[in-house]
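Reviewing the structure listed below.
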Amino acid sequence: MQFEVFTLLPEAFFSYIDTSILKRAQERGLIKINIHNIRDYTYDKHHVTDDTPYGGGGGMVMKPEPVFEAVEKVLDINPLQISGKPDSEIPIILLTPQGRVFNQKIAKELSQYPRIALICGRYEGIDERIRENLVTDEISIGDYVLTGGELPALLLIDAVSRLLPNVLGDPTGAEDDSHAMGLLEYPHYTRPPEFRGNKVPDVLLSGDHAKIDKWRREQALERTFRKRPDMLEKAELSKDDLKFLENLKERGKKKD
Ligand code: ADE
């Protein structure tokens, strides 16, 4: 999978993408992350990428020309094709607080593409024509405002990459994650079996895998019930799951 990232701050990316799992995934040719400096697509003496907003008001706005130029060159889109939206099979995603809110389902959806483009906004905003005539999708990472789209782009690259085959060391690594199965993940323990008087639950030391699976499922259900009950409405639940949740609710009522 190939990520084409368009940014005014290329240096913001390297410390993260050149470490750990993303580094290894790139070395093994499983992902490619190309960082493009939008400033390289300006043709004036001072390489200007922003300007004051029409109509007045504070702040600066990202100019359309360098962003269009960069994306069209890299994705090999013919500018003459552009009327409304570009004729591109590659999603051209703008990171913006106005986008659809990123989640595991969107990460999965994006992981199916061989190539995606990510445009990182900066300054106070971007010229609206970028949004209207270049971008095919808008993604937000949550209801708060950052100084730019670089962190959101990194976050998206990370969440998508770890879903790709062989990126994680453990081939089932992404399957049990919180959110992957619509529930929060069960708790994990490693050695020692007792730490400062706190013991690892006996069932995990029992070697009985059916029991361990049942315990993990119930822990995931209970955690989700207590911390993120909204997620239970969309989760796929078996009859046993529903019975377990009913019991939890009953126990809760008795305590009240
Ligand atoms: N740029 C600034 N804030 C953002 C957010 N919350 N999500 C995506 N891009 C952004």
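For clarity, every value in this text was computed on a predicted model and none was experimentally measured. Each ligand, and each atom within it, is numbered from 1 in the order the structure gives.
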_Cationic N near anionic O, under 4.0 Å, Glu218 to Lys214_ = yes
Which pairs of N or O atoms, one from ligand 1 and one from the protein, are separated by less than 3.5 Å, and what is the distance for each pair?
from     : atom 1 : to     : atom 2 : distance (Å)
ligand 1 : 3 (N)  : Leu146 : N      : 3.0
ligand 1 : 6 (N)  : Gly142 : O      : 3.2
ligand 1 : 6 (N)  : Tyr144 : O      : 2.8
ligand 1 : 7 (N)  : Ile141 : N      : 3.0
ligand 1 : 9 (N)  : Thr96  : N      : 3.1

_Using only atom types and a distance under 3.5 Å, with no angle test, would you say the side chain of Thr136 pairs donor to acceptor with the backbone of Ile92?_
yes
*Apply the test salt bridge (Lys or Arg N to Asp or Glu O under 4.0 Å) to residues Glu246 and Lys243: give CA-CA distance (whole Å), side-chain angles for both, the deciding distance (0.1 Å), then the verdict.*
CA-CA 5 Å; Glu246 257 332 292; Lys243 213 162 101 193; over 6 Å; no
*Check the angle between the aromatic planes of Phe6 and His36 and answer parallel, tilted or perpendicular using the 30° and 60° thresholds.*
parallel
*Could you tell me whether the side chain of Asp127 and the main chain of Arg129 form a donor-acceptor pair under 3.5 Å?*
yes
_Whether the side chain of Gln26 engages the backbone of Ile17 through a donor-acceptor N/O pair (distance < 3.5 Å, no angle test) should be reported._
yes
